[in-house]
2 protein chains.
Amino acid sequence: MTESSPPRGGSAASKRKDARRNQQTLLDAAAAVFVTSGVDAPVREIAAKAGVGLGTFYRHFPTRADLVIAVYRHQVDTCAEAGPALLANGPTPFAALERWVDHFVDFLVTKHGLAAAMQADGSGFDALHAYFIDRLVPVCTQLLDAAVAAGEIRPDLDAYHLMRGIGNLCIGTDSDPRYDARPLVVLLLAGLRRPHRT
Amino acid sequence: MTESSPPRGGSAASKRKDARRNQQTLLDAAAAVFVTSGVDAPVREIAAKAGVGLGTFYRHFPTRADLVIAVYRHQVDTCAEAGPALLANGPTPFAALERWVDHFVDFLVTKHGLAAAMQADGSGFDALHAYFIDRLVPVCTQLLDAAVAAGEIRPDLDAYHLMRGIGNLCIGTDSDPRYDARPLVVLLLAGLRRPHRT
DNA sequence: TGCAAAGCGGAACAGCGTTCCGTATCGTAT
DNA sequence: ATACGATACGGAACGCTGTTCCGCTTTGCA
């Protein structure tokens with residue numbers, strides 16, 4: 001799982017100048033549109049905002065998921081890298097896990113429709129799901145294992161299910177103002193705690 | 001029999017014979033298609049299976065949500081009615097809540113895509129979401145209150161959030177075989193438990 | 001400057017939910 | 001039995017998606 005699947009072969013400078021420029025324009029436009037219209041924004045809207053045609057869009061990002069991944073790759077990587085750091089600095093592994101999960105929820109909740117898109121079936125977003133899982137499950141596993149080793153939580157749950165559950169809980173936070181995923185995520189983690197030893 | 005003055009009052013038998021027949025055919029076809037293709041099955045597929053045109057479909061069910069509600073109304077009502085019964089027969093309110101939630105999860109998990117459709121935004125499924133909430137939140141509130149009164153759980157969470165969280169956790173159970181929502185739901189409820197008093 | 005090769009734009013295709021209206025059927029009054 | 005108005009039907013058509021395809025333009029090198 002070293003390399004997932006970048007849109008094009010070499011990422012750096014193996015293309016024509018205008019091609020690279022358009023790709024960047026597209027990324028910027030997508031980032032802007034995602035904020036206002038969510039990640040489900042029509043491809044045409046993004047292409048229009050970038051001032052390019054549909055052909056250009058699809059050449060750079062064969063599937064919508066590739067675009068979303070490209071837009072958020074940096075933030076996902078940052079989130080992944082925060083795991084070990086929190087583990088090193090946190091008072092306890094469980095506290096580190098709590099904070100890391102909080103970061104993750106923050107990320108999901110601020111990206112309209114991202115959580116939903118990640119779990120959506122057959123919408124061509126499978127690659128997005130896979131990317132998140134590949135990148136974050138190992139980190140989550142590390143945090144979970146440490147907390148288990150410290151005797152803070154039960155070993156019942158694997159990282160995949162935890163990530164998946166958190167992601168699911170974050171669905172719809174943007175469309176329904178009265179729904180707040182955070183308390184539920186807290187509860188989920190609380191349910192994981194090992195009953196205090198006697 | 002006993003229906004001789006149609007122009008008045010009743011909602012049921014005031015239509016033409018073929019209309020009622022087609023409505024039932026549509027319901028049967030939908031129920032069958034939902035099992036195989038999920039609740040997101042194309043309207044055309046359902047209409048074709050029922051052997052009727054699209055116009056007929058939309059006259060009977062102005063929106064897709066109306067169809068889904070009509071198909072599952074009975075089961076939702078059954079679920080709602082099970083609440084008080086479980087509360088009366090269960091050893092403790094929390095046990096009743098657990099069982100009731102289990103029934104609810106069973107229901108959601110066996111209907112492909114139902115959980116996802118319920119939370120889907122702007123897909124015309126809002127009415128579906130509203131129906132579930134209207135029907136089940138009161139029951140859940142009753143169970144929750146009883147458990148709180150019995151000192152079994154913390155009063156942190158309102159029924160809407162719990163229902164919503166459970167519904168969200170059930171999303172994607174059908175499309176991903178390795179994902180199982182049940183343990184997560186159990187964990188969520190476990191997180192609700194009041195720490196044992198001294 | 002010339003000229004492949006690489007890239008671009010947008011028309012076109014397929015599939016969706018939904019609307020609309022000419023036509024067929026039903027129920028009844030004659 | 002027939003005629004006729006109300007009711008319901010079927011499916012073409014519209015608008016919106018994602019995606020593909022191909023004639024034309026731009027680029028970068030000789």
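Per chain, numbering begins at 1; letters A, B, ... match sequence-line order. Quick note: numbers below take in every heavy atom, side chains included, and nothing from hydrogens, waters or symmetry partners.
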Do A:T25 and A:R21 have side-chain heavy atoms sitting under 4.5 Å apart?
-> yes
What integer distance in Å separates A:E45:CD from C:dG10:P?
-> 17 Å
With DNA chain C as reference, determine whether B:A41 or A:G53 sits nearer its 5' end, using the nearest nucleotide of each.
-> A:G53
Scan side-chain atoms only and decide if A:Y179 and A:D174 contain a donor-acceptor pair under the 3.5 Å cut-off.
-> no
Checking A:I69, A:V68, A:L114 against A:F125 for side chain to side chain contact (heavy atoms under 4.5 Å, CB included), the one that qualifies is A:V68
Whole-Å distance between C:dG10 C1' and A:Y58 OH?
-> 13 Å
Given C:dC16, is OP1 or OP2 found less than 4.0 Å from the side-chain N or O atoms of B:R44?
-> no
Rounded distance in Å - CG (B:L54) to C1' (D:dA12) | 10 Å
Bending between helix ends of the helix from C:dT1-D:dA30 to C:dT30-D:dA1 [5 pairs per end, 10° resolution] | 20°
Would you say a side-chain N or O of A:N22 is under 4.0 Å from OP1 or OP2 of C:dC8?
-> yes
Between C:dT18, D:dT17, D:dC9, which one does the side chain of A:P42 approach most closely?
-> D:dT17
Heavy-atom donor-acceptor pair, A:H112 side chain to A:V39 backbone, under 3.5 Å | no
Residues, nucleotides or ligands: over 12 heavy atoms within 6.0 Å of A:R99 CZ | no
Verify whether one side chain among B:H74 and B:D77 offers a donor that lies under 3.5 Å from an acceptor in the other.
-> no
Figure out the CZ/C1' separation between B:F57 and C:dG17, and round it to whole Å.
-> 10 Å
Go along nucleotides 25-30 of chain D 5' to 3' and tag each nucleotide: B for a protein heavy atom under 4.0 Å from its base, S when only backbone or sugar atoms are that close, - otherwise.
-> -BSS--
Ignoring backbone atoms, establish whether B:T56 has a side-chain N or O less than 4.0 Å from OP1 or OP2 of D:dG10.
-> yes
Could you give the CZ-to-P distance, from A:R59 to C:dA5, as a whole number of Å?
-> 17 Å
Between A:F104 and A:F132, how do the two ring planes meet: parallel, tilted or perpendicular, split at 30° and 60°?
-> tilted
Within the pair B:H60 and D:dA8, is there a side-chain N or O less than 4.0 Å away from OP1 or OP2?
-> no
Winner on side-chain proximity to A:A19, out of D:dG10, D:dT19, C:dG7, is C:dG7
Atom CZ of A:F125 and atom C1' of D:dT19: how far apart are they, to the nearest Å?
-> 14 Å
Would a line drawn from the ring center of B:Y72 to the ring center of B:Y131 be shorter than 6.0 Å?
-> no
Can you tell which of A:L144, A:L86, A:D102 makes a side chain to side chain contact (heavy atoms under 4.5 Å, CB included) with A:L97?
-> A:L144
